[in-house]
Amino acid sequence: MTTEWSLQEAELPALPPVTGRTVFERPLEQNPEQPLACPEAGHVPEASRDAVRIHLENVLPALRSLESQSDLLAAWGVELAKRLLGGQRLLAAGNGGSAAEAQHLTAELVGRFDGERVPFSAIALHAESSAVTAIANDYGYDELFARQVRAHGRSGDILLLLSTSGKSPNLLRAAEAAARLNVTTWALTGPAPNPLAESCDEVVAIDALSANAQEGHLIALHALCRSFEAEIARKGKTAAGQEVDRG
């Protein structure tokens, strides 16, 4: 142990002794295969319990909002399958948690969702750290996605932009750049109207609180993947001569 570490450790406040059982502690006599004991209600502050309950209740409006737009999500899946099978690609972008969800979708397409199939071209524009930092440093953060759209976007590609506020300048500029290249723009946002919804060709706007809207975005992406996979399977059977496309 170094001298520096010893000094830092000495400055740490002493923790109070543990009394009673922690939230997820398993009694010594309990079978390891049994589930962990739940805390007694009295051990959890009422404000925390209320916060969790209210948050979960607010998921329901997000689900209802999505359900009302299920036909559009299904149409997106069919159109995405058509474009990617035709050699186009998907570009996706978002900030913060929305960046993680954009990358979640591209991973499903390059990898797989829940069935075996060929990989498809999908790029999360925030994921290449060297390009991201170079563009932000040289051109400003507002140009972060627009410059990448100009680099990677081709006519017929799809750009999916995610934002709970619908106000992020870098996403708005990306939508503008895409329009000039004949790249189709889709948006997943929180409540509309908002600038991003108005800037894109089509939008699924979730009428819910910001955090719940973002949770709804993940459900929307999985629903989109369901439609996409169904269309890929249908087209595959048609191409193999196992089924005639009567649609």
Side-chain angles (χ1 to χ4, degrees), residues 69-94 98-132 134-135 143-163 170-188 196 199-204 217-218 220-247:
Q69 301 172 86
S70 60
D71 286 349
L72 180 54
L73 285 171
W76 279 9
V78 172
E79 184 63 24
L80 182 61
K82 175 184 174 182
R83 301 281 185 102
L84 297 192
L85 284 169
Q88 274 76 47
R89 66 163 58 98
L90 174 77
L91 306 177
S98 295
E101 297 205 0
Q103 196 166 348
H104 187 124
L105 176 60
T106 58
E108 302 284 21
L109 296 173
V110 177
R112 65 178 185 179
F113 185 53
D114 57 6
E116 195 58 49
R117 56 154 170 73
V118 298
F120 292 98
S121 180
I123 302 173
L125 298 181
H126 60 275
E128 189 177 358
S129 58
S130 293
V132 164
I135 294 169
E143 285 296 316
L144 177 62
F145 299 130
R147 188 167 180 84
Q148 291 186 78
V149 168
R150 290 192 290 271
H152 300 302
R154 302 292 183 269
S155 178
D157 287 350
I158 294 173
L159 173 65
L160 178 61
L161 301 171
L162 296 87
S163 171
N170 55 11
L171 299 181
L172 294 172
R173 293 198 183 185
E176 293 173 3
R180 298 190 186 100
L181 296 171
N182 194 34
V183 171
T184 298
T185 51
W186 294 345
L188 273 176
L196 186 60
S199 298
C200 291
D201 296 314
E202 294 182 344
V203 59
V204 170
H217 287 175
L218 180 57
L221 293 180
H222 280 169
L224 169 62
C225 286
R226 292 287 182 200
S227 175
F228 173 83
E229 297 286 348
E231 182 66 6
I232 292 295
R234 190 180 73 87
K235 291 291 188 182
K237 289 179 181 179
T238 301
Q242 300 171 0
E243 180 180 293
V244 177
D245 182 2
R246 302 185 186 279

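What you see is a predicted model; the values in this text were computed from it and never measured. We count residues from 1, following the sequence as given.
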Exercise for the section: Using ring pair (Phe, Tyr, Trp, His ring centres under 6.0 Å) as the criterion, list what pairs up with H152, not counting sequence neighbours. Expected result: none
Problem - Closest non-hydrogen atom pair between S199 and T185, with its separation - result: O-OG1, 4.2 Å
Exercise for the section: Can you sort out the partners of E101 under side-chain hydrogen bond (donor to acceptor under 3.5 Å, both in side chains), two or more places apart, ordered by chain and number? Expected result: none
Exercise for the section: Please tell me if the side chains of L160 and W76 come closer than 4.5 Å, counting only heavy atoms from C-beta onward. Expected result: yes
Handout entry: Candidate pair E176 and R173, rule salt bridge (charged side-chain N to carboxylate O under 4.0 Å, His left out), full reasoning
Key = CA-CA 5 Å; E176 293 173 3; R173 293 198 183 185; 5.8 Å; no
Exercise for the section: Tell me, with the steps shown, if V204 and L224 meet side chain to side chain contact (heavy atoms under 4.5 Å, CB included). Expected result: CA-CA 11 Å; V204 170; L224 169 62; over 6 Å; no
Problem - Approximate separation, where rounding is to 0.5 Å, of E202 CD and I158 CD1 - result: 9.0 Å
Handout entry: Test side-chain contact (heavy atoms from CB on, under 4.5 Å) applied to I135 - qualifying residues, sequence neighbours left out
Key = Y139, L144, R147, Q148
Completion exercise
Residues I232 and A81: closest non-hydrogen pair is CD1-CB, 3.7 Å
Practice task
Assess whether side chain to side chain contact (heavy atoms under 4.5 Å, CB included) is satisfied between F145 and L161, documenting all intermediate values.
Solution key: CA-CA 10 Å; F145 299 130; L161 301 171; 5.7 Å; no
Handout entry: Salt-bridge present (E229, R117; N to O < 4.0 Å)
Key = yes
Problem - Listed partners of H104 passing ring pair (Phe, Tyr, Trp, His ring centres under 6.0 Å), at least two apart - result: H222
Handout entry: Separation between CD of E79 and CG of L72, rounded to the nearest 0.5 Å
Key = 11.5 Å
Handout entry: Distance-minimising heavy-atom pair for L73 and A220
Key = CD2-O, 3.9 Å
Practice task
Without swapping roles, check the side chain of D201 against the backbone of W186 for a donor-acceptor pair under 3.5 Å.
Solution key: no
Problem - L181 to G153 - nearest heavy-atom pair and separation - result: CD1-O, 4.1 Å
Fill in the blank from the handout: Note: S227 and G77 closest approach over all heavy atoms is OG-CA, 3.5 Å
Handout entry: Note, L162 side chain near L221 side chain (heavy atom, < 4.5 Å)
Key = yes
Problem - Atom pair CG (L188) and CG (L218), whose distance is rounded to the nearest 0.5 Å - result: 10.5 Å
Practice task
Using side-chain contact (heavy atoms from CB on, under 4.5 Å) as the criterion, list what pairs up with Q88, not counting sequence neighbours.
Solution key: R83, D157
Could you go through residues 118-130 and list every donor-acceptor pair under 3.5 Å that involves a side-chain atom there, pairing it with any protein atom two or more places apart or in another chain?
residue: S121; atom: OG; partner: R89; partner atom: NE; Å: 3.3
residue: H126; atom: NE2; partner: A99; partner atom: O; Å: 3.0
residue: H126; atom: NE2; partner: Q103; partner atom: OE1; Å: 3.1

Fill in the blank from the handout: Taking every heavy atom of L171 against every heavy atom of S163, the minimum-distance pair comes out as CD1-CB, 3.6 Å
